[in-house]
Each structure stands twice: as structure tokens, then as C-alpha cells.
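Following: one structure in C-alpha cells, then a few remarks.
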Amino acid sequence: MLIISPSALAADFSRLGEEFAKVERAGAQYIHLDVMDGMFVPNISFGPPMIESLRKCSSMVFDVHLMIMDPIRYIDVFRQAGADLITFHYESCDDPSAVIRAIKESGAKVAMSVKPATPPEAVYPFLNDLDMVLVMTVEPGFGGQKLIPEMIAKVRALRTYAEDNGIQIDIQVDGGVTGENLGMLTEAGANVIVAGSAIFRAENPEQVIETMRKEAELHPFVR
Ligand code: DX5
Ligand code: ZN
């Protein structure tokens, strides 16, 4: 089943509790929390204290996307704040295996993300140790950008490699995803969908999520 993870970055920060409740009612299973440090990406968002207070008002899976340098320093803090799934960037550290281990030891599920310029082959050696891989479909840092169409081939390469090697893994896409382009992504093998503007800025988020689920059903993975 398609997993929908609305990105809180596009929500109204003055009423996050209500915004979370709104997308949870609309059928989202995850909530995507973009943590930015102004170093790994040229933007600053929010950190552990905010996640910790939101944890009390939501039972969605907290999908924490760390866009920070040297993420190993903060794994336990984010886990304690309430992260269920922690995603770090391949490009943000010297030793991805050590970060994977630290996330697993914290008790959270683990995902690794790649920026648009990083080839899918970079992920292959780690695939067996991950619960999920996140293919960035825009340059990380800001919501509201347009999806880079070349990333669809990266998703397909990863899904094909995983299937060929008997690896069960979630493939998440993040950036510029809408009800209109989602079919191309699920057809390429994505099954976890991050959408910020498309969901939070919609008049009827429930309808958007419904359209996304229908599109995914119409466009299952094809090699
Ligand atoms: C970008 C973030 C995304 C962003 C997606 O760096 O990782 O999660 O919020 O927003 P939309 O769906 O608006 O492109
Ligand atoms: Zn994100």
C-alpha cells in the first residue's frame, strides 16, 4: 500500500497541531519532518524541541529527514524527541555505515537519502542494511520546487537492483511530487510519497491523497 508522508515544511507553523490532525484525518500514515542546519543545505527549519512537542499530539509515524552535516552527533536526540524513522544524507558524512548503525541502535528505522547529483550506485552497497532509501527529486533545502524528471530513472534503477537482489525496501521520493506526476514515480518503483505543497496548500487535502492513491493503483511498478 502507498504510504503518504506530508511534509510539515509546507504547513502553517503557527498551528502545527491542527495541521497534523488535518492530514492524519485525510489518511496520511507518516508525517515528514525536514530538519535543516543552514550548512548542509542553505536553509534553517526546526529541531528536536519542536518535534518533541508535536509528538504529544500525533500518532502518525514521525519520518525525520535530516539535512544536517555529521548527523551521527544528533541521532539519539532526534530519537528521544520522537522520531520513528530517521533519514540521513549519504553526502553529509564520511562513514554512512556508522550512521546506519547508530540509527539502528537508537531503535529507529533507518533510511539514507541521495541528492540529485549522486548516482544510484552509491546506495547499492548499503541497501541490505536500510529500511528505506530516499531519492531526492529536487535539490534539498526548500519546498515548492519542481520535480527533476531525470530522478525517475534513479528510482527505477534502485527498485530494479533491489528486486534483482531479493532486497525488500521502501523507496521514498521527496520534492515536487503532485497527484499529476505521482504515477510516473510509482511506476518506477517508489512506494513512500513525500508531498509538502501539494497536500498542505490544497483546499481539500483528503481529495489530493485520494487522487494519489488512485494514481498509484493505476501505475504499479513496471521494469
Ligand atoms: C526539501 C524537503 C522536502 C520539501 C518538499 O528539501 O526535503 O521535504 O518539504 O516540499 P514540496 O512537496 O513542496 O516540494
Ligand atoms: Zn524532505
Side-chain angles (χ1 to χ4, degrees), residues 2-13 16 19-20 22-23 26 28-48 50-51 54 60-69 71 74 78 83-92 103 108-118 130-152 154-155 170-186 190-203 205 208-209 211-212 215-216:
L2 190 75
I3 295 170
I4 306 274
S5 191
S7 169
L9 205 59
D12 178 349
F13 279 15
L16 277 177
E19 292 276 83
F20 277 31
K22 177 176 85 179
V23 293
Q29 303 100 315
Y30 289 12
I31 184 80
H32 186 81
L33 300 158
D34 287 303
V35 178
M36 304 178 180
D37 67 352
M39 293 291 286
F40 181 69
V41 289
N43 196 6
I44 297 175
S45 56
F46 49 77
M50 195 163 104
I51 294 176
L54 286 160
M60 286 184 287
V61 171
F62 274 26
D63 164 23
V64 175
H65 178 191
L66 297 180
M67 286 164 274
I68 65 175
M69 291 307 294
Y74 287 101
F78 280 102
D84 297 300
L85 165 62
I86 300 179
T87 302
F88 73 99
H89 269 266
Y90 171 77
E91 305 86 358
S92 69
I103 296 175
K109 286 198 169 183
V110 58
M112 185 166 82
S113 179
V114 279
K115 298 211 277 187
T118 304
L130 297 168
D131 295 298
M132 185 177 87
V133 46
L134 164 52
V135 175
M136 286 306 302
T137 41
V138 299
E139 230 19 273
F142 301 91
Q145 305 180 71
K146 273 213 155 48
L147 178 132
I148 303 168
E150 287 76 22
M151 296 305 111
I152 295 167
K154 195 192 282 189
V155 173
D170 286 329
I171 300 183
Q172 184 177 55
V173 283
D174 180 12
V177 181
T178 65
E180 284 72 51
N181 61 23
L182 176 118
M184 291 188 288
L185 296 160
T186 54
N191 69 312
V192 185
I193 305 299
V194 177
S197 336
I199 292 177
F200 276 110
R201 303 281 157 91
E203 263 182 42
V208 175
I209 291 178
T211 305
M212 288 181 161
E215 281 299 302

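Just follow the structure's listing: the first ligand is 1, and inside any ligand the first atom is 1.
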Flag the pair L147 / L185 as yes when at least one side-chain heavy-atom distance between them is below 4.5 Å, and no otherwise.
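Yes, their side chains come closer than 4.5 Å.
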For residues Q172 and H32, determine if any side-chain heavy atom of one lies less than 4.5 Å from a side-chain heavy atom of the other.
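Yes; the side chains approach each other to less than 4.5 Å.
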Flag for [Y]-[X]: side-chain donor and acceptor within less than 3.5 Å:
X: T118; Y: E91; answer: yes
X: D34; Y: S7; answer: yes
X: D63; Y: H65; answer: no

Can a cation-pi geometry be assigned to K22 and F200, taking NZ or CZ under 6.0 Å from the six-membered ring centre and within 45° of the ring axis?
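Judged by the rule, K22 and F200 form no cation-pi pair.
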Least distance between heavy atoms, [X] atom then [Y] atom:
X: G179; Y: E215; result: O-CG, 3.5 Å
X: S197; Y: A10; result: N-CB, 3.5 Å
X: V177; Y: A195; result: O-CB, 3.9 Å
X: D84; Y: F62; result: OD2-N, 2.8 Å
X: I31; Y: S5; result: C-OG, 3.7 Å
X: A8; Y: L33; result: CB-CD2, 4.0 Å

I'd like to check which ligand 1 atoms, numbered from 1 as shown, lie under 4.0 Å from a non-hydrogen atom of [X].
X: M136; value: 7 (O)
X: P140; value: 6 (O)
X: L9; value: 9 (O)
X: D174; value: 2 (C), 3 (C), 4 (C), 5 (C), 7 (O), 8 (O)
X: H65; value: 7 (O)
X: G143; value: 4 (C), 10 (O), 13 (O)
X: S197; value: 11 (P), 12 (O), 13 (O)
X: H32; value: 8 (O)

Which protein non-hydrogen atom lies closest to [atom], naming both residue and atom, and how far is it?
atom: atom 14 (O) of ligand 1; answer: G176 N, 2.8 Å
atom: atom 12 (O) of ligand 1; answer: G196 N, 2.7 Å
atom: atom 1 (C) of ligand 1; answer: F142 O, 3.6 Å
atom: atom 2 (C) of ligand 1; answer: D34 OD1, 3.4 Å

Using atom types as modelled and distance alone, determine if a side-chain donor or acceptor of N43 lies under 3.5 Å from a backbone N or O of G141.
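Indeed, once roles are kept as given, a pair shorter than 3.5 Å links the two residues.
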Between Q145 and V138, is there a donor-acceptor pair closer than 3.5 Å when you use the side chain of the first and the backbone of the second?
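Pair absent, no side-chain N/O of Q145 close to backbone of V138.
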What part of S7, side chain, backbone, both or neither, has a heavy atom within less than 4.0 angstrom of ligand 1?
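Side chain only; the backbone of S7 stays clear of ligand 1.
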Is the shortest N/O to N/O distance between [X] and ligand 1 below 3.5 Å?
X: G141; value: yes
X: V138; value: no
X: V177; value: no
X: M36; value: no

I'd like to know if [X] contacts ligand 1, where contact means a heavy-atom distance under 4.0 Å to any ligand atom.
X: R201; answer: no
X: A198; answer: no
X: A10; answer: no

Mind telling me whether F13 and F46 have parallel, tilted or perpendicular rings, with 30° and 60° as the class edges?
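Answer is perpendicular, since the angle exceeds 60°.
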Would you call the rings of F40 and H89 parallel, tilted or perpendicular, taking 30° and 60° as the class edges?
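Tilted.
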Short of 2.8 Å from the Zn ion (ligand 2), name each protein N/O/S atom, waters not counted.
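Sorted hits: H32 NE2, D34 OD1, H65 ND1, D174 OD2.
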